[in-house]
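Just so you know, ligand 1 is whichever comes first in the structure, and atom 1 is the first atom listed for that ligand. FYI, side chains are in, hydrogens and waters are out, and symmetry mates aren't considered; it's all heavy atoms of this structure.
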Amino acid sequence: MEFKVGVIAGDGIGPEITSQAVKVLDKVADVYGHKFDYTDILMGGASIDACGVPLTDEAIATARSCDSVLMGSIGGNTSTSPWYKLEPSKRPEAGLLGLRKALGLFANLRPAVLYDELKGACPLKEEISDKGFDMLIMRELTGGLYFGERKTVTENGEQKAIDTLTYTETEIRRIAKRGFEAAMKRRKKVTSVDKANVLDSSRLWRKVVNEVSKDFPEVELEHMLVDNCAMQIVRDPAQFDVILTENMFGDILSDEASMVTGSIGMLSSASLNETKLGVYEPSHGSAPDIAGMDIANPIATILSAAMMLRYSFDLEKEADAVDAAVKKVLKDGYRTIDIMSEGKSQVGCRQMGDLIAERITR
Ligand code: IPM
Ligand code: MG
């Protein structure tokens, strides 16, 4: 089959990690007889430098014309990069938020899995890491604090900043449905995370999630407050299957969940809408401090490409082959510096891409 893949290389380590994912996709194409046509799309700092804004209408139109979009990472050093002297709506991150909104990517899937081979890199006590864990964070991505009205005003001689957290029933229902659907394909448990002891938006969240759960009688539903959830992720991560949560909580909890897997360099993500078009990106940032040094871990981006094969192209076997190649490379003892441990072979970004591509088989 033939697919048009938009590629947002982005900033920092973005270009080097996306090249590795493209290398792996090309190997998949070879081995399974597909064709991927790539189209570069500018976004973030790269787009600011070339076009003066972090996301152009043309970039959005190109993304829409693709079957799916693979992304590296965007943004620079927030203290030193000139991009952060621009007003907030012109900075790199605004490009990413603009793309999510323009494409209606309301469902953000962030799997956090502890690989057997990386148990040593898990910062938790052995009695916890020994149990392993495999959770999927289903994060709402186009609502809440990120997209509510915001402003800074001067009142009584001092500045006052206002951000608003809004959710409609429709927004909650559609993401809840995705959470339950995902759980049906996994271990059939949903933990819905909110702050219903304080926030109205969370009380509505809980009510709608309870309603949606009636359509999924096989799925066990529990509600958990976000502060407790943050604690449970380090106390007993094995208890989680699908964590269903709103935008901001999902942002924070997914960084926490990724860290307990040993490295944020291992976490993939998919941002989906009602169609097959999705944006696939690692959960980590652009790591400008190590950009261009060929030491970044490309695995999260490669696993994101695997999610693209699975969710946008329905190429299950091919996606499994990429996941298996990543496991194999870890089993064979290869590590980038972020997941390096004694007795293993340290490799750079490019070599990690080669080693994974070599392990793609039918
Ligand atoms: C993420 C990132 C973004 C977010 C930033 C770059 C705007 O942290 O994808 O988790 O907060 O959503
Ligand atoms: Mg984040």
* Asked: Between K4 and S65, what is the shortest heavy-atom contact and its length?
  -> NZ-OG, 3.0 Å
* Which atom, among the N/O/S set of D251, is closest to the Mg ion (ligand 2)? -> OD1
* **Under 3.5 Å side-chain donor-acceptor pair for Y334 and Q351** => no
* Structure fact -> For R100, the ligand 1 atoms with a heavy-atom partner under 4.0 Å come out as 1 (C), 4 (C), 9 (O), 12 (O)
* **Distance filter under 4.0 Å to R110 heavy atoms, resulting ligand 1 atoms** => 1 (C), 9 (O), 10 (O)
* Asked: Taking atom types as modelled, is there a side-chain donor on D200 or Y167 under 3.5 Å from an acceptor on the other?
  -> no
* Which is closest to atom 5 (C) of ligand 1 by heavy-atom distance: H284, R91, M248, E93? -> E93
* Asked: Is ligand 1 under 4.0 Å from a heavy atom in the side chain of R139, in the backbone, in both, or in neither?
  -> side chain
* Residue, atom name and distance, where the atom is the protein heavy atom closest to atom 11 (O) of ligand 1 -> Y146 OH, 2.5 Å
* Structure fact -> When I233, V113, V260 are each screened for side-chain contact (heavy atoms from CB on, under 4.5 Å) with F133, the one that passes is V260
* Structure fact -> To atom 10 (O) of ligand 1, the nearest of N247, L97, L96, D251 on a heavy-atom basis is D251
* **Rounded distance (nearest 0.5 Å) linking atom CG of D354 with atom NZ of K27** => 10.0 Å
